[in-house]
Amino acid sequence: MVATLYIDGAWRQASDGGVHDVHSPHDQSVVATVSQATQADVLAAITAARASFDSGVFTSWSFAERSALVAKIADLLERDLKAIAKKESDDTGKRIIEAEYDIADVVATFRHFAALGLKQHDRSVDVGLDHVTSKIVHEPLGVVSLIGPWNYPLLQIAWKVAPALVAGCSFIVKPSELTPQSAIALMHLIEEAGTPKGVANLILGPGSVVGTPLISDSRVDMVSFTGGLNTGQTIMKAAVEHVRRLALELGGKNPHIIFADADIDAAIDNAVTAAFLHSGQVCSAGTRLIVQRSIHDKVVKSIVRRAGQIRLGGPSDLTAETGPLISKSHLEGVSKYVEKGVAEGATLLVGGKRSEDPAHANGWYYLPTVLDNCNTKMFCVQEESFGPVMTVEVFDTEQEAIALGNDTVFGLSGGVWSTDSAKAARVASALRHGTIWVNDFGPYRPQAEWGGYKQSGIGRELGEHGLGEYLEIKHIWTNNSPSKSGWFSDRGDE
Ligand code: NDP
């Protein structure tokens, strides 16, 4: 019996007994078999979450008590880090070491929100009246659907689950059907830590089936979603009827600007990492290189050489530097994207095809690819490939670099390289993206907010704001010396 749905404090099989095999992107072997929920299962999970929230079983806990629970989950995650990383590596095809870094980040996320919950959240407002006490208090938002992608499966879910728990929300988690194993492991730890029944629920299955009730049921107060722009738009449309709160972390097509006065060696090395880490399956990947004309040839030549040297391999290949794409359909999408770029006039300098290494024959390996001579009118510059594809554009002036960096519907992240700190600061300020790295690309910390401008999303995860997404704000005005308002005259019984 496969019982990997967690609903109302119990592990259950799907109501129709349905299961789903999870395949390794490295060699297509079956790495797990999990339950595949029906819509009836989703409704049961929403019912459980709603009932637990309305009962007050968790909302009655203080912030400090909920913080202690989240800190305990962090301890348990740390205890099981290697085992969870192995599951995540199996599902995503990424190297074990990368998966271990990711689960360490999950632990850090839980610790951050546990610490944040201990801060004072309520505040007094001076309303200028001695007889009035005015307080702003924060309360749990309600029932939330938490939907995550496959690229950093547990980390993206952790950014939602940890603040939801600290806030006192009840929730239903849905990881991508491609990468469910680490979410199952997390739910076991949430149970072990002593979370009240019905607060945390796990649903598994394809978004096209189980997603509909999660994003449209009137009992869901908020949807927090990380994934693609199109799915984000579907979720926005579903939110209209009930004016549901949304937190959306969507895609990015992130500019990486290198000025001629940069530390070129460091910039090149970071540009390679920014574009090809996790084979480009990173929302903040720096896949849009924008380089000053005078150094274009030198920079691009070096990046092409380095891209051609990147060693691809599966989870247990100790020599590998990055892994496969997540699925066959994703590999086909990346291939078409590159073909379209070439048809539009881009120059293919390296890659542009599936790996021909016999060791990769059964996996979804695509070679690191560089497309030169690109411009902002091209599909490959405007759209996200979510694969190992770097496009190259050139600029002459600072204003041109800024204009190019902002010429996108997305606004998730960007980088700027220059040894002129005043210029770098001007460009960082002018770029309309949620995170800007100066002379760096990629690092983040749970203490700092993460999220997008424009079509990269709504709201922020992490930082302090990441907890605020799961809280309602209430103003309580208490008159300690009641008197008549005197606004309307009382004319007796006339
Ligand atoms: P998708 O939008 O395809 O899927 C994301 C999640 O939504 C999955 O769990 C998926 O389920 C689910 N889903 C799909 N359709 C629906 C629906 N109609 N209703 C409810 N849920 C649904 O994105 P990917 O998983 O392909 O992830 C890649 C995208 O995520 C990229 O665009 C990337 O930029 C973005 N992303 C953004 C991040 C950020 O911080 N801004 C971080 C990481 C990724 P299932 O897969 O089971 O079908």
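Numbering of ligands and ligand atoms starts at 1, following listing order. Predicted, not measured: the structure shown is a model, and the values here were computed from it.
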Can you list the atoms of ligand 1 that are under 4.0 Å from a heavy atom of [X]?
X: Trp450; value: 40 (O)
X: Thr231; value: 1 (P), 2 (O), 3 (O), 13 (N), 14 (C), 15 (N), 16 (C), 17 (C), 22 (C)
X: Gln156; value: 42 (C)
X: Gly228; value: 1 (P), 2 (O), 23 (O), 29 (C), 30 (O), 32 (O)
X: Glu177; value: 45 (P), 46 (O), 47 (O)
X: Ile215; value: 19 (N), 20 (C)
X: Ile147; value: 6 (C), 7 (O), 9 (O), 12 (C), 20 (C), 21 (N)
X: Pro149; value: 25 (O), 27 (O), 43 (C), 44 (C)

Exercise. Considering only heavy atoms, which of Gly227, Pro175, Cys283 lies nearest to atom 30 (O) of ligand 1?
Worked result: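 Among Gly227, Pro175, Cys283, the closest heavy atom to atom 30 (O) of ligand 1 belongs to Gly227.
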
Using side-chain heavy atoms (C-beta onward) and a distance below 4.5 Å, is [X] in contact with [Y]?
X: Glu192; Y: Ile73; answer: no
X: Trp437; Y: Asn270; answer: no
X: Leu214; Y: Val223; answer: no

Exercise. Distance only, no hydrogens: is a donor on one side chain within 3.5 Å (strictly under) of an acceptor on the other, for Lys160 and Ser224?
Worked result: yes

Problem set entry | Modelled atom types, side-chain donor and acceptor of Asp16 and Thr38, under 3.5 Å | no

For this session: Identify whether NZ of Lys or CZ of Arg in Lys94 sits under 6.0 Å from the centre of the six-membered ring of Tyr152 and within 45° of that ring's axis.
Result: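 Yes, a cation-pi geometry.
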
Is there a heavy atom in [X] that sits closer than 4.0 Å to ligand 1?
X: Gly457; answer: no
X: Asn151; answer: yes
X: Tyr152; answer: no
X: Pro206; answer: yes

